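Here the structure is a predicted model, which is why all the values come from computation and not from measurement. Start at 1 and go down the list; that is how both ligands and their atoms are numbered.
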Amino acid sequence: MNEQPIAADRGGIRLRGVHKTYGAGEATVHALRDVDVDISPGELVAVLGASGSGKTTMLNVIGGIESVDSGTVVVAGQDISGRPPATLGEFRRVHIGFVFQFFNLIPSLTASENVEAIVELTGRGNRDRIPELLAAVGLSDRANHFPAQLSGGQQQRVAIARALATDPDLVLADEPTGSLDVATGREVLALLQRTTRAGRGVVMVSHNEAAAAIADRIIHMRDGYVVADDRNATPTDAASVRW
Ligand SMILES: Nc1ncnc2c1ncn2[C@@H]1O[C@H](COP(=O)(O)OP(=O)(O)O)[C@@H](O)[C@H]1O
Ligand SMILES: [Mg+2]
């Protein structure tokens with residue numbers, strides 16, 4: 001196979017022959033089967049598929065949260081295939097920003113403190129930039145509010161500010177609009193779209209075709225297989241997404 005080098009500076013991704021199972025014996029679940037995917041630095045990629053098709057597993061493999069049984073995983077120029085997730089803390093801190101369906105904010109910390117916590121924890125990013133980050137996600141006036149005082153969409157915007165605070169190469173977002181209504185989901189999609197326009201890669205898992213249509217690329221999964229991988233010549237502007 002003609003292997004092209006992966007750009008090591010930003011968040012390029014190469015998956016080759018990746019297989020991932022959970023459990024053993026008759027209970028074995030094949031979550032990823034023979035997955036080959038190449039993602040260039042700075043692409044906005046949607047991973048689309050039914051529940052149980054392996055989307056989250058793929059994202060967790062890319063983010064160094066899950067190991068693989070076989071195959072090659074190269075992310076941001078690093079081959080992480082043989083490395084146990086417990087040893088990949090530094091890799092995750094330096095390269096990856098995570099956004100989850102249920103936001104995962106710390107309830108006892110304000111919006112601003114939630115972002116600050118990741119800067120403290122990772123030793124990456126700059127505390128002085130937090131007001132700027134919150135402004136970028138439209139939350140300057142909510143910086144001192146606690147998660148419970150924010151709407152779902154606002155909480156997800158805090159989570160995006162948090163994911164960006166460490167200046168990662170790659171943002172991995174698992175169903176980021178899954179628990180939001182259409183209007184707030186659209187704001188979150190717009191932010192993800194803007195994130196890549198600033199040169200950062202985004203891989204977003206969704207089971208919603210309308211949301212996935214904002215991406216430059218759409219990878220379809222079924223039963224652990226990548227069944228289609230299509231360039232989207234006409235990404236929808238997030239502001240006009242309807243579902
Ligand atoms: N920790 C786990 N232990 C056992 N099975 C799992 C685990 N995580 C995921 N699975 C199984 O792997 C398959 C793929 O799951 P997942 O990647 O979460 O799919 P999706 O995100 O597309 O819903 C499913 O059959 C799921 O039940
Ligand atoms: Mg999932």
Side-chain angles (χ1 to χ4, degrees), residues 11 13-39 43-75 80-89 92 96-105 152-153 155-156 159-160 162-163 170-182 184-185 188-189 192 201-215 217-230 232 241 243:
I13 299 168
R14 163 165 293 165
L15 306 181
R16 277 289 175 282
V18 168
H19 209 93
K20 170 73 182 175
T21 56
Y22 294 105
E26 291 194 359
T28 302
V29 175
H30 296 267
L32 294 178
R33 311 194 217 215
D34 205 19
V35 167
D36 293 337
V37 166
D38 286 278
I39 294 174
E43 270 190 298
L44 171 53
V45 177
V47 181
L48 195 60
S51 179
S53 60
K55 306 182 297 297
T56 293
T57 304
M58 186 196 280
L59 213 62
N60 289 345
V61 161
I62 293 168
I65 290 176
E66 298 270 12
S67 60
V68 297
D69 298 356
S70 57
T72 307
V73 181
V74 180
V75 178
I80 59 169
S81 328
R83 297 170 55 188
T87 67
L88 288 171
R92 288 191 292 269
I96 313 284
F98 292 98
V99 176
F100 304 95
Q101 178 175 356
F102 297 107
F103 328 131
N104 293 13
L105 299 178
Q155 290 184 61
Q156 194 61 303
I160 291 174
R162 179 181 60 180
L170 191 60
V171 172
L172 302 178
D174 197 351
E175 310 260 6
T177 61
S179 53
L180 302 178
D181 61 49
V182 176
T184 49
V188 165
L189 293 175
L192 292 174
V202 174
V203 183
M204 174 186 81
V205 160
S206 181
H207 57 249
N208 184 298
E209 285 193 35
I214 70 156
R217 243 194 54 224
I218 305 178
I219 294 173
H220 290 260
M221 300 200 64
R222 191 187 308 139
D223 291 335
Y225 292 104
V226 170
V227 291
D229 183 346
D230 301 316
N232 182 12
V241 169
W243 70 76

Peer 1: Is a side-chain N or O of Arg92 found less than 3.5 angstrom from the main chain of Pro85, in a donor-acceptor match?
Peer 2: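 Flag set: sc Arg92 to bb Pro85 pair under 3.5 Å.
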Peer 1: Report yes if some heavy atom in the side chain of Tyr22 is under 4.5 Å from a heavy atom in the side chain of Thr57; otherwise report no.
Peer 2: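 Tyr22 vs Thr57: side chains touch.
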Peer 1: Please name the residue in the list Leu48, Val227, Val45 that meets the side-chain contact (heavy atoms from CB on, under 4.5 Å) test with Ile219.
Peer 2: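 Single pass found, and it is Val45.
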Peer 1: Protein residues near ligand 1, heavy-atom distance below 4.0 Å?
Peer 2: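 Contacting ligand 1 under 4.0 Å are Tyr22, Val29, Ala31, Ala50, Ser51, Gly52, Ser53, Gly54, Lys55, Thr56, Thr57.
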Peer 1: Among Asp36, Asp34, Asp38, which residue meets the side-chain hydrogen bond (donor to acceptor under 3.5 Å, both in side chains) test with Arg16?
Peer 2: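 So, applying the side-chain hydrogen bond (donor to acceptor under 3.5 Å, both in side chains) to Arg16 and each of Asp36, Asp34, Asp38, only Asp38 qualifies.
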Peer 1: Just by modelled atom types, is the Thr56 backbone N or O under 3.5 Å from a matching donor or acceptor in the Asp174 side chain?
Peer 2: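 No; judged by distance alone, with no hydrogens or angles, the pair does not exist.
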Peer 1: Do any of the N, O or S atoms of Thr56 sit under 2.8 Å from the Mg ion (ligand 2)?
Peer 2: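 Of the N, O and S atoms in Thr56, at least one lies under 2.8 Å from the Mg ion (ligand 2), which means yes.
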Peer 1: Under 4.5 Å between any side-chain heavy atoms of Leu170 and Ile13, yes or no?
Peer 2: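 In short, these two side chains touch, coming nearer than 4.5 Å.
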